[in-house]
Amino acid sequence: MHTIIEPFKIKSVEPLYFNTKKERKTILEKACYNPFRIHADDVLIDLLTDSGTSAMSSNQWAGIMQGDESYAGSPSFFHFEKSVKDVTGMPIVIPTHQGRAAEKILFSILGGKGKYFISNTLFDTTRANIEFSGAEGIDCLCEEGKHPTIPAPFKGNMDIDMLKKIIKKIGAENIPMVIMTVTNNSGGGQPVSMQNIKTVSAICKENNIPFFIDACRFAENSYFIKLREEGYENKSIPEIAAEMFSYADGCTMSAKKDAFANIGGFLAMRDLDLAIHCRNLLIITEGFTTYGGLAGRDLEAIAIGLKEVMDEHYLQYRIRSIEYLTNKLIEAGVPVMQPAGGHAVYIDAKEFLSHIPVEQYPGQALVCALYAEGGIRSVEIGSLMFGKYDISGKLVPAQMELVRLAIPRRVYTQSHIDYVAEVIIQVFKIRNMIKGLEVIEETPLLRHFTAKLKPIN
Ligand code: F0G
């Protein structure tokens, strides 16, 4: 078989910014060892996120010019609404300015003290919005998903037995919703099988609990189902996506991922009563129901991107490029999440930096080392992001200490990725010289965005 190539030509380019290792060390120190605090033009290869960082297509840019900016009833809204309905089959579509705005609306209505939301793994903003409402989030990930370096086809699946036990223990009346994140971002970008979605949906129906999908990466998940699940090899991606959504009562979506948009999101659902509450809150917080915090041009870009992402040549290239980097790292002995996920490569920092205890944030230490060595920006998904303190102030660490290298869609070429692999392998060789970190300033919620740290000598 021939090399799987980027299925696009490049019409417009942006410069990369080069600096020296010495300069980067100073930048890191000034940023208090938190790459969220670094200016993007001090970054060479930015793998902080795949969110809002996609290269849009010439068709999307054409859509931007055609966007209609009417306050109410814009044709761009109807184009957007049709596109979301075509993909999800959901009859009610509510635009929001990004995914977390959809979450904020949903959990403000359904959350509150004494309520529990169950998920395979809640993404950080999803969990934060649940907790902000006074409710609690419970992750119910399958056992395979908890072991980064042991391969399995659907490591994003929910643990069905645990789900049943939790529902029995807490009581269905205290569970306003079960949320399946596809692919499972915080658990390594790992897919969820159709069988698992179907079973969870059936359990929710039996217990009268609404079942929603966090659909940020629905197309990548659909492609994994096509590749790995029996009976789906000859189905098209739109067919697989439609079946996934058919089991759900609704979904939240950040269009900044699998819709190739730089901003945007939506809520889609079947229940008109819930939609009325959501739309009321939307008008107060986001905007009128036909634009929800977005410009008409954004709605056009999303409408077009949602369709483009289901192209199989694109998805083959997308999944292959993540696997390509993963395999290079495996060959060099670097401990990475296996198999490769859909949008990112996840390094197991606990193993990579086994001399740094979790209380000294090995993930964040590795993130800093990758920046210093090669100007690569990545993100910690470990105890800085998800750690809590117990009543005595002792860190309760996260389940895993991962470093995520999220690959923006259609942005970097194979030689950029080769460079990334070289830098990681170089850092792996000098890993024993890397020091742990301590937090010197932080906020109570989502502290990883703004926390200040310093190296421990
Ligand atoms: N759900 C998942 C699974 C996500 O990955 C994200 C965002 C959101 C919800 C929130 O969407 O950013 O549009 O408000 N993830 C980004 C990331 C930020 O880097 O993984 P948003």
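Remember, it's 1-based here, ligands and their atoms both numbered in the order they're listed. In this text the structure is predicted, and so the values were computed from the model without any measurement.
- For Asp50, the side chain to side chain donor-acceptor pair (under 3.5 Å) test picks out Arg217, Arg409, with sequence neighbours left out.
- For Ser254, the side chain to side chain donor-acceptor pair (under 3.5 Å) partners at least two apart in sequence or on another chain are Lys257.
- Classification of Glu69 and Arg297 as a salt-bridged pair holds, one side-chain N sitting under 4.0 Å from a carboxylate O.
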Please produce the table of protein N or O atoms sitting under 3.5 Å from N or O atoms belonging to ligand 1, one pair a line, distance to 0.1 Å.
unit_1   : atom_1 : unit_2 : atom_2 : d
ligand 1 : 1 (N)  : Asp214 : OD1    : 3.4
ligand 1 : 1 (N)  : Asp214 : OD2    : 2.6
ligand 1 : 5 (O)  : Asn185 : ND2    : 2.7
ligand 1 : 5 (O)  : Arg217 : NH1    : 2.9
ligand 1 : 11 (O) : Lys257 : NZ     : 3.2
ligand 1 : 12 (O) : Gln98  : NE2    : 3.4
ligand 1 : 12 (O) : Arg100 : NH2    : 2.8
ligand 1 : 12 (O) : Lys257 : NZ     : 3.3
ligand 1 : 13 (O) : Gly99  : N      : 2.8
ligand 1 : 13 (O) : Ser254 : OG     : 2.6
ligand 1 : 14 (O) : Gln98  : NE2    : 2.9
ligand 1 : 14 (O) : Gly99  : N      : 3.3
ligand 1 : 14 (O) : Arg100 : N      : 2.8
ligand 1 : 14 (O) : Arg100 : NE     : 2.7
ligand 1 : 15 (N) : Lys257 : NZ     : 3.0
ligand 1 : 19 (O) : Thr49  : OG1    : 2.6
ligand 1 : 19 (O) : Arg404 : NH2    : 2.7
ligand 1 : 20 (O) : Asn185 : ND2    : 2.8
ligand 1 : 20 (O) : Arg217 : NH2    : 3.4
ligand 1 : 20 (O) : Arg404 : NH1    : 2.7
ligand 1 : 20 (O) : Arg404 : NH2    : 3.4

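- A salt bridge does not link Asp249 with Arg270: every distance from a Lys NZ or Arg NE/NH1/NH2 to an Asp or Glu carboxylate oxygen is 4.0 Å or more.
- Judged as a side chain to side chain donor-acceptor pair (under 3.5 Å), and not counting sequence neighbours, the contacts of Lys226 are Glu312.
- When only modelled atom types and interatomic distance are considered, Ser383 and Glu401 share a side-chain donor-acceptor pair under 3.5 Å.
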